[in-house]
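Lettering follows sequence order; numbering is per chain, from 1.
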Number of protein chains: 2
Amino acid sequence: MLTHAAEDYLKSIYKLQEKGGKVSTGILAEYLDVKPASATGMIKKLKTMKLVRYERYRGVTLTAAGKTVALEIIRHHRLLELYLFKALGVPWDGVHEEAEKLEHVISEDVEARMDEFLGYPTADPHGAPIPDKNGVVIQTDSVPMTELQDGQSCVVAEVSDSDSALLRHIGSFNLYPGTAFRVVEVAPFEGPFTIDIAGQEVVIGREVAKHIFVDKVEDPDNV
Amino acid sequence: MLTHAAEDYLKSIYKLQEKGGKVSTGILAEYLDVKPASATGMIKKLKTMKLVRYERYRGVTLTAAGKTVALEIIRHHRLLELYLFKALGVPWDGVHEEAEKLEHVISEDVEARMDEFLGYPTADPHGAPIPDKNGVVIQTDSVPMTELQDGQSCVVAEVSDSDSALLRHIGSFNLYPGTAFRVVEVAPFEGPFTIDIAGQEVVIGREVAKHIFVDKVEDPDNV
DNA sequence: AAATAAATTTAGGCATAACTAAATTATATC
DNA sequence: GATATAATTTAGTTATGCCTAAATTTATTT
């Protein structure tokens with residue numbers, strides 16, 4: 001069986017692969033809040049288990065087996081987040097931390113029971129897709145809010161889940177996944193966004209907007 | 001923070017203290033499926049943390065601080081068992097194993113939310129008492145079924161939770177905590193028990209009966 | 001009281017997974 | 001293309017928590 005640490009490394013490699021492409025030892029170490037030397041050590045171990053491809057100074061890649069494990073852990077994490085949110089009422093800025101510990105520990109049986117309870121959901125409380133039993137992820141084509149122009153209408157698709165304070169802040173504007181809004185004005189020179197949510201005008205700073213991903217809506221009247 | 005292993009040791013010392021009294025290194029090691037030398041090592045560590053009293057060759061005792069931790073873990077375990085059973089439908093012979101992993105990992109917040117969901121319960125699915133938030137345990141005066149005589153009526157109070165196969169077996173007779181029955185006949189020479197559950201006569205072997213604890217009922221007509 | 005048996009402890013090792021510090025390789029600059 | 005800078009790897013250390021084997025202490029028996 002895999003250790004929790006190994007699972008965390010695989011999950012992180014998967015996520016970094018998604019975003020950037022090449023996953024270097026340094027990037028991985030920074031992501032996991034670990035020294036590069038530690039990452040090198042674990043990567044070597046994962047290589048002997050055939051869960052990653054690796055050549056020194058060249059970065060890491062997941063093998064098919066490694067990707068399967070990574071997706072399994074991500075599925076656990078996101079199902080747990082949604083379960084804690086819906087079944088136990090844990091606030092959305094708290095579910096990440098809790099799921100981080102539970103994801104390594106729940107059985108497949110409990111996973112299946114939560115999945116059933118939740119009605120086989122496809123997204124967690126932050127809008128991140130939940131891989132299905134077979135590791136299939138529904139990819140969305142959402143864009144960072146920072147790419148929006150004046151007058152553009154959209155629906156919140158996803159919000160980064162790691163910073164609890166940021167989530168509370170975003171939640172205070174009701175910017176949950178599924179919420180529709182329209183951009184009233186984008187201030188020039190990398191300034192903040194003024195948006196209209198359900199008739200209320202709200203100002204969102206650029207740094208915050210970077211963490212909000214949206215689906216553009218073509219016809220505002222259809223929202 | 002304490003490691004999972006340390007928590008398991010404290011929990012085990014508590015349980016052995018409850019049953020037997022003196023807790024020796026050997027007994028503790030056997031209970032935890034570990035070599036005596038390993039137990040000695042951990043006991044020494046726990047002593048430096050002032051969680052146990054210990055003098056070599058003299059056995060271990062929990063300090064007040066150690067008892068608090070032990071009860072906290074036991075509370076987690078039993079709340080989790082009941083939660084998994086009631087909220088997710090995990091069969092009663094499976095909840096122990098699952099809770100064993102989760103008990104070290106859930107937050108006080110989740111503990112409180114499960115407690116509320118369950119209506120502040122006082123016993124887990126096997127009838128074991130759930131310590132309250134302050135570590136107060138309601139002690140019952142149940143006796144092993146093996147002490148029963150012909151004609152004695154009683155109610156199942158508690159069943160040992162560690163052996164999954166045994167639990168399935170006991171469950172097949174419907175001998176869940178709260179179930180009433182009457183002893184029809186105790187076979188002589190350490191023989192099996194014939195009992196009457198809701199009009200059905202069932203034979204329970206002595207080895208199984210040792211793991212079933214009951215509350216005697218004085219007046220059979222009042223059950 | 002001495003000898004034997006049983007329990008417990010000490011001593012030394014192993015695996016995991018982190019760390020620091022030094023050596024190496026790769027990349028960027030002049 | 002040589003050199004400076006940055007990234008990465010190797011080597012050696014630490015802490016957990018387990019192990020085995022040998023030494024010690026306690027308990028029992030004669």
Side-chain angles (χ1 to χ4, degrees), chain A residues 1-17 19-62 66 69-70 73 100-101 103-105, chain B residues 1-17 19-62 66 69-70 73 100-101 103-105:
Chain A
M1 244 291 110
L2 284 176
T3 61
H4 298 180
E7 288 179 348
D8 278 335
Y9 272 89
L10 292 171
K11 186 178 69 163
S12 302
I13 294 166
Y14 178 86
K15 287 189 174 183
L16 292 169
Q17 228 170 237
K19 304 266 164 189
K22 287 265 153 51
V23 179
S24 67
T25 305
I27 295 284
L28 181 58
E30 192 194 356
Y31 189 80
L32 282 162
D33 195 22
V34 143
K35 301 295 167 195
S38 305
T40 302
M42 180 59 90
I43 288 166
K44 281 183 174 176
K45 211 158 296 171
L46 293 172
K47 189 186 180 179
T48 70
M49 300 187 234
K50 309 216 171 178
L51 294 168
V52 300
R53 277 176 286 271
Y54 169 66
E55 269 172 285
R56 57 206 200 309
Y57 299 102
R58 285 283 112 90
V60 226
T61 320
L62 292 178
V69 175
I73 301 300
E100 203 68 20
K101 298 174 297 177
E103 65 188 7
H104 304 293
V105 145
Chain B
M1 244 295 107
L2 285 176
T3 62
H4 296 183
E7 289 179 347
D8 278 336
Y9 272 89
L10 292 171
K11 186 178 67 162
S12 302
I13 293 166
Y14 178 86
K15 287 190 175 183
L16 292 170
Q17 229 170 236
K19 303 267 165 188
K22 288 265 154 51
V23 179
S24 68
T25 307
I27 295 285
L28 181 59
E30 191 194 356
Y31 189 80
L32 282 162
D33 196 21
V34 142
K35 300 298 168 194
S38 306
T40 302
M42 180 59 89
I43 288 167
K44 281 182 175 176
K45 212 159 296 170
L46 294 173
K47 189 186 179 178
T48 70
M49 299 187 234
K50 309 218 171 179
L51 294 167
V52 299
R53 274 176 290 271
Y54 169 66
E55 269 171 286
R56 58 205 199 307
Y57 299 101
R58 286 282 112 91
V60 225
T61 319
L62 293 178
V69 175
I73 302 301
E100 203 68 19
K101 298 175 296 178
E103 64 187 7
H104 304 292
V105 144

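- Looking at heavy-atom distances under 4.0 Å, B/T3 makes contact with sugar-phosphate atoms alone, never a base.
- Atom-to-atom distance recorded for A/L51:CG and A/I13:CD1 is 9.0 Å, nearest 0.5 angstrom.
- Atom pair B/E55:CD and D/dT25:C1' shows a separation of 14 Å (rounding to whole Å applied).
- With the nearest nucleotide of DNA chain C identified for both A/V34 and B/K44, B/K44 has the one nearer the 5' end.
- Proximity note for A/T40 (side chain, C-beta onward) versus D/dT10, D/dC18, D/dT26: the nearest is D/dT10.
- Nucleotides of DNA chain C with any atom under 4.0 Å from a heavy atom of chain B span, from 5' to 3', C/dT8 to C/dT10.
- Nucleic acid contact class of B/A37 (heavy atoms, under 4.0 Å, all strands): base.
- To the nearest angstrom, C1' of D/dA27 lies 15 Å from NZ of B/K22.
- Phosphate proximity of D/dC18 to B/Y9: present, with a side-chain N or O under 4.0 Å from OP1 or OP2.
- Using a 4.5 Å heavy-atom cutoff, the side chains of A/V105 and A/K101 are not in contact.
- With a 4.5 Å cut-off on side-chain heavy atoms, B/I27 and B/K22 do not count as touching.
- Annotation: side chain of A/E103 is in contact with side chain of A/K11 (closest heavy-atom distance under 4.5 Å).
- OP1 or OP2 of D/dT8 sits under 4.0 Å from a side-chain N or O of A/S24.
- Put simply, CD on B/E30 is 18 Å from C1' on D/dC18, counting in whole angstrom units.
- Rounding to the nearest 0.5 Å places CD of B/E55 at 6.0 Å from NZ of B/K47.
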